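I have placed the structure first, in the form of C-alpha cells, so that the comments after it can refer back to it.
Sequence positions, counted from 1, serve as the residue numbers for this chain. If you're wondering where the values come from, they're calculated on a predicted model, not measured in any experiment.
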Amino acid sequence: MPELSVIVHGPNTQGHLTELLDSLDARPLPDAEVIVAAVGDWAREAAEGHTPETVVLPLPDGTDDAAARAAGAARASGRWLHFVHAKDGLPAGAVRLIAERVAELPDAVDVLLFDHVVSTWKTSGTRSRDGALLARAGRTDLALDEAPSLLRLTPLLGNRAVRTGFWRAHEERFTTDDEPYAAYATLLHAHRVACLNQVAYDDRRLRPQSLPPVTAEQCYSLVGRYEMLLSLAKDRPAARAVLYDVMVRDLLRAFAREDLPDPVAREFFRRSSLAAVRWRPADHRRPAGLEGIRRGLLEEEAYTKYRAFQAANRTRRAARSALRTRKRRLGTKLREHQYRRGLGRPVDCDLAVFSAYWDRGVACNPAAIAAKLAELAPHIHPVWVVKQRNTQLLPPGTDHVVPGTRRYWEVLATAKYLTSNVNFPNAVVKRPEAIHLQTHHGTPLKRMGLDQMDHPTTAKGLDFAALLARIDKWDYSISANSHSTRMWERAYPARYTSLDHGYPRNDVYYSATAADVRSIRDRLGIAPGRTAILYAPTHRDYEAGWTPRLDLAALSDRLGENTVLLVRGHYFYGGSASPLTGLRRTGRIVDVSSYDPVEELALAADALITDYSSIMFDYANLDRPIVIYADDWETYATTRGVYFDLTAEAPGQVARTQEELAEIFTTGAWRDEGAAKARAAFRRRFCEYDDGRAAERVVRRVFLGESDASLPPVIPVEDRTPAPSPEEATA
C-alpha cells in the first residue's frame, strides 16, 4: 500500500494536464501512486502517453469534477489522498514532501494542510498568504477548535491531503462541484488536522475571459455555500465566528467585483444581507473603519446607499491618486532643478560614484574596483548609490546616497567617475569631463542589448532608443574575454573603448588563501571532509516567476550524507516558508539565496551545478568541476536567444534529466578526464583575461590615466594558480 495516492482529475484544459504529467514523470515518486481521472479524449490521450506507473481512468466528456474525484478516490490504494486538478501544477519535490509528512502522522489525523503558490495566465509562482497561518499552527496535530483560524486558509482541495478512510467515510458530504465547500467541509468534519508550512501546490488561475461567464445562479450559490457551512458549524462557536467573517468578506468582495446586471446584483445583495443577519453570532462586533461601514450597510440591506458608498470611495481614491501624482510631478521638477544647478558646478576630479545591480549595494565588479581604488588612489572619494531598504546592509563607514535625494543628484552632476554594472538613469547627463565606466555583470551566453530585438519574449517592451542613449554615455566597457568584447560591441554599438582587462570581481579567485576557504566553509557550516556542491540556476524569461526544476531532497539522498548542497535560488526558495525549511535542519541542504558575496560561495564549493547562469564563466577560474543541468535548453535557446550552443561547448558534463544529473555525481563522471578536458577548453576561451589583477589594470587605466603599455600584462591561463580547492585547503 503506497503512502499517498495523487489523484489528477479533470479535462486537459488549455493543455495544462500535459505539463503537469511531464513534471511528475521528471521526478521520482517515492511511496506514491498517480491516478489520472481523465475527462474526455484529449485528457485520456495525454495521460496514456506517460509512465506505465500512471493509472488512467478514462471518463466521458462532461464528467464534473466531483465525479472525477470520486472515480479516482475509488481506485486509489494509498493511505492518503491528494486531489490535483488537471489545470494546476506540482512544484519540484511536492509529492515527496507530502508523502514523507503524512507517513509520520498518527491515525487520528484526518487532514494535512500545506502552503501553495498561485499562477495565472501572466504570472507564475506568486506566494499565497497562507504561510503565516500555517506557521502559527506549527507541526503538532490539533483539533480545529484549537485553531479555528485555519478556516481562513484558501479553500482548495489541492492545498491539503486527506486520509483515505476519512474521505470515504464522509464522501457523500464532500462530493460536490463546489470545491471551496468541499475544502471547508474536510476541516469541519476532521477529528484532528496537521500543518506543513511548505509549498506543495501550484494553483493556476485561468484567464476569466477564457471561461464561461458567471451566471446569476452561480452568484447566488455563493450565499448558499456559506449558509450550509455555518449550519455544519452551528455548535462550534469559534469555528462559526471565523466562518461568518469569511462569508461576509467574500460576499462583499463578490458584490464589488462581479460585473452583474442590476437586477441580479440587487437580488445577490438581498440574499447576502439576509445571510449576514441570520448567521451573525450574538457577540459579534463589526470591524472599525470602512469595512465596518460596508458590513453595516449590508446588514441593513441598504443597496442604494451601498452603491453610493462605493461611488464615493471611487471618487475619494481618484482624488488621492491625483494628489499623489501632483506631488510626484512637483518632486520631479524640484529634483530636475537641483540636478541642473549641480551641472552648472565644476566637475569634482576626486569624486567617484558607484552603483551595482540597480542600486542594490556594494557588490560585483564595481565593489572590486572601489576596493582597489582605495588602495591605489585614496585621494578619490567613493560614494555608493543604494536603495533606502538596503542601506542597513552596507559595510560600516560606506559613504552612500539614496536615489532621488538632493545629494544623490548633486553627486551624479559633479562626479568625474561614474561606475556601474548596469546603467545609470536616463536623466543622467554625460558631461564632457566625466568618465562613465560600464563593468557589466557576466559573460553573455544569452542575447543582450540590441540582439534582443528578435526575441520579444526577452525584450518585454524594452525601449531600444533609450538603451542606445544610455550606451552612448559609456567611455569604457570592461570585458573578461574576447567573446564578451565581440558580443558587447555587437549588442551595444557605440564609441566606447573596450578594456580587455578581465572582471575585477574574479580577482579573488586567485588571491584567496587556504585559510580564506576554510573560514568561508566554517561560516556556512560545512564540516571538514564533506563535499559542497553549489547549485545556482538562473531565471527564465518565458516564465513570469521562477519554478524550481530539481527535486533537491531526492538529489541530496542520491548524493549521500557526505554531500552538502548550497542552493542559491530565487524567491521560491526564500523566506520562512521555503521548500527548504524542513531540510535545513539536516545540514545537507543550505539555502544561500541571500548570502553575499557570491564569490565566497564559489570558493567554498567543490563543484558547481548551474543551467545557463553566467556564474559558470566566473567559477571556471577556479578550475573546479562544473555540471550543466539543461533540462529545457531548446526552449531557453529559442525564447531567450543565445550566442553559442552550451550543450556542445559546455565546461563539463551536461545532464538533461535529474536522473542523468544524479548519475554524473554517483559515478564520478563530474570530475573524470572528459570533464577536465572540457573545462580546460572552456577556461581558455572564457577566462582569457581573468588572472587576479583585473581591478588593478582598470584603476590604473581609467582612474590614474596610465597607458595600456604600462599595465600589468595578462598571465596566460596555463600559468595561473587559482585559490586552493576545499580539499587542498583542509588537507
Could you check Leu206 against Gln14 for side chain to side chain contact (heavy atoms under 4.5 Å, CB included), going step by step and ending with a plain yes or no?
CA-CA 9 Å; Leu206 302 177; Gln14 299 175 11; 3.6 Å; yes

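- With rounding to the nearest 0.5 Å, the separation of CG in Leu229 from OH in Tyr181 is 5.5 Å.
- Of the possible polar contacts, none joining the Ser321 side chain to the Arg317 backbone as a donor-acceptor pair under 3.5 Å is found.
- A search for ring pair (Phe, Tyr, Trp, His ring centres under 6.0 Å) contacts involving Tyr408 returns nothing, not counting sequence neighbours.
- The nearest pair of heavy atoms linking Arg168 to Ala76 is NH2-O, 3.0 Å.
- Between Leu113 and Leu133, the closest side-chain pair of non-hydrogen atoms is not below 4.5 Å.
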Between Val95 and Val6, is a side chain to side chain contact (heavy atoms under 4.5 Å, CB included) present by the stated rule, with each step listed?
CA-CA 8 Å; Val95 176; Val6 179; 4.1 Å; yes

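- Aromatic ring centroids of Phe255 and Phe269 lie under 6.0 Å apart.
- Here the CZ-CG distance, from Arg129 to Leu153, works out to 13.5 Å after rounding to the nearest 0.5 Å.
- Within the 3.5 Å criterion, the main-chain N or O of Ala183 finds a donor-acceptor partner in the side chain of Arg160.
- Surrounding NE2 of His284 are more than 12 heavy atoms belonging to other residues, nucleotides or ligands, all under 6.0 Å away.
- For the pair Arg294 and Phe309, the cation-pi test (distance below 6.0 Å, angle within 45°) is failed.
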Working note: Leu157 + Phe174, criterion side chain to side chain contact (heavy atoms under 4.5 Å, CB included); need CA distance, chi angles, decisive distance, verdict.
CA-CA 10 Å; Leu157 284 175; Phe174 302 152; over 6 Å; no

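- Under 4.0 Å is where a charged nitrogen must lie from a carboxylate oxygen, and between Arg79 and Asp107 at least one such pair does.
- Between the OG1 atom of Thr405 and the NE2 atom of His400 there is a distance of 9.0 Å, given to the nearest 0.5 Å.
- Proximity of Arg329 to Arg326: side-chain heavy atoms (C-beta onward) are nowhere separated by under 4.5 Å.
- If you check the side chains of Asn390 and Tyr357, you find no donor sitting under 3.5 Å from an acceptor.
- Leu151 has its side chain within reach of Tyr184: a pair of non-hydrogen atoms, C-beta onward, lies under 4.5 Å apart.
- For the side chain to side chain contact (heavy atoms under 4.5 Å, CB included) with Ser272, the lone residue among Val248, Leu251, Leu222 that qualifies is Leu251.
- Between Thr13 and Leu17 the shortest side-chain heavy-atom distance does not fall below 4.5 Å.
- Not one N or O on the side chain of Arg44 forms a donor-acceptor pair closer than 3.5 Å with the backbone of Ala37.
- Put simply, the side chain of Val118 does not reach to within 4.5 Å of the side chain of Arg127, judged on heavy atoms.
- A pairwise comparison of heavy atoms in Gln218 and Val214 identifies OE1-CA, 3.4 Å as the closest pair.
- Looking at Asp88 and His16, their side chains never bring a donor and an acceptor atom within 3.5 Å of each other.
- When every heavy atom of Val162 is checked against every heavy atom of Trp80, the shortest pair comes out as C-CE3, 3.3 Å.
- Between the side chain of Ser5 and the backbone N or O of Leu81 there is no donor-acceptor pair closer than 3.5 Å.
- Using a 4.0 Å cut-off between charged nitrogen and carboxylate oxygen, Glu171 and Arg69 do not count as a salt-bridge pair.
- Using a 4.0 Å cut-off between charged nitrogen and carboxylate oxygen, Arg285 and Asp283 do not count as a salt-bridge pair.
- The pair Arg225-Asp178 meets the salt-bridge criterion, since a charged nitrogen lies less than 4.0 angstrom from a carboxylate oxygen.
- Looking at heavy atoms from C-beta onward, Val39 lies out of side-chain contact with His9 at the 4.5 angstrom threshold.
- Side-chain atoms of Asp145 never come within 3.5 Å of backbone atoms of Arg236 as a donor-acceptor pair (strictly under, hydrogens ignored).
- Of all non-hydrogen atoms in Ala161 and Val102, the two that sit nearest each other are CB-CG1, 4.5 Å.
- At a threshold of 4.0 Å, the pair Asp110-Arg163 counts as salt-bridged, since one of the basic side-chain nitrogens sits closer than that to a carboxylate oxygen.
- Atom CD of Glu104 has more than 12 heavy atoms from other residues, nucleotides or ligands within 6.0 Å.
- In terms of heavy-atom proximity, His191 sits nearest to Ala108 at CD2-O, 3.7 Å.
- One distance of note links NE2 of His82 with OH of Tyr201; it measures 6.0 Å at 0.5 Å rounding.
- Residues Asp203 and Asn159 are not in side-chain contact: their nearest non-hydrogen atoms beyond the backbone lie 4.5 Å or more apart.
- A salt bridge links Asp245 with Arg152: the distance from a Lys NZ or Arg NE/NH1/NH2 to an Asp or Glu carboxylate oxygen falls below 4.0 Å.
- The local environment of CZ in Arg271 is crowded, with over 12 non-hydrogen atoms from other residues, nucleotides or ligands closer than 6.0 Å.
- Across all non-hydrogen atoms, the minimal contact from Ala466 to Asn426 is CB-ND2, 4.0 Å.
- Between Glu299 and Arg295, none of the side-chain N atoms (NZ, or NE/NH1/NH2) sits under 4.0 Å from a carboxylate O, so this pair counts as no salt bridge.
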Would you please test Leu97 and Gln198 for side chain to side chain contact (heavy atoms under 4.5 Å, CB included) and show each step?
CA-CA 9 Å; Leu97 190 68; Gln198 295 177 248; 3.5 Å; yes

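- Using modelled atom types, one finds a donor on one side chain and an acceptor on the other under 3.5 Å when comparing Ser128 with Asp115.
- Ion pairing between Asp202 and Lys87 fails under the 4.0 Å rule for side-chain N and carboxylate O.
- With values rounded to the nearest 0.5 angstrom, Phe83 atom CZ is found 9.5 Å from Ile35 atom CD1.
- A salt bridge links Arg278 with Glu227: the closest approach of a Lys/Arg side-chain nitrogen to an acidic carboxylate oxygen falls below 4.0 angstrom.
- Annotation: the span from Glu19 atom CD to Asn12 atom CG amounts to 10.5 Å, rounded to 0.5 Å.
- Contact annotation: the side chain of Lys387 never approaches that of Val402 to less than 4.5 Å [non-hydrogen atoms, C-beta and beyond].
- Residues Tyr303 and Arg307 have side chains that bring a donor and an acceptor to within less than 3.5 angstrom of each other.
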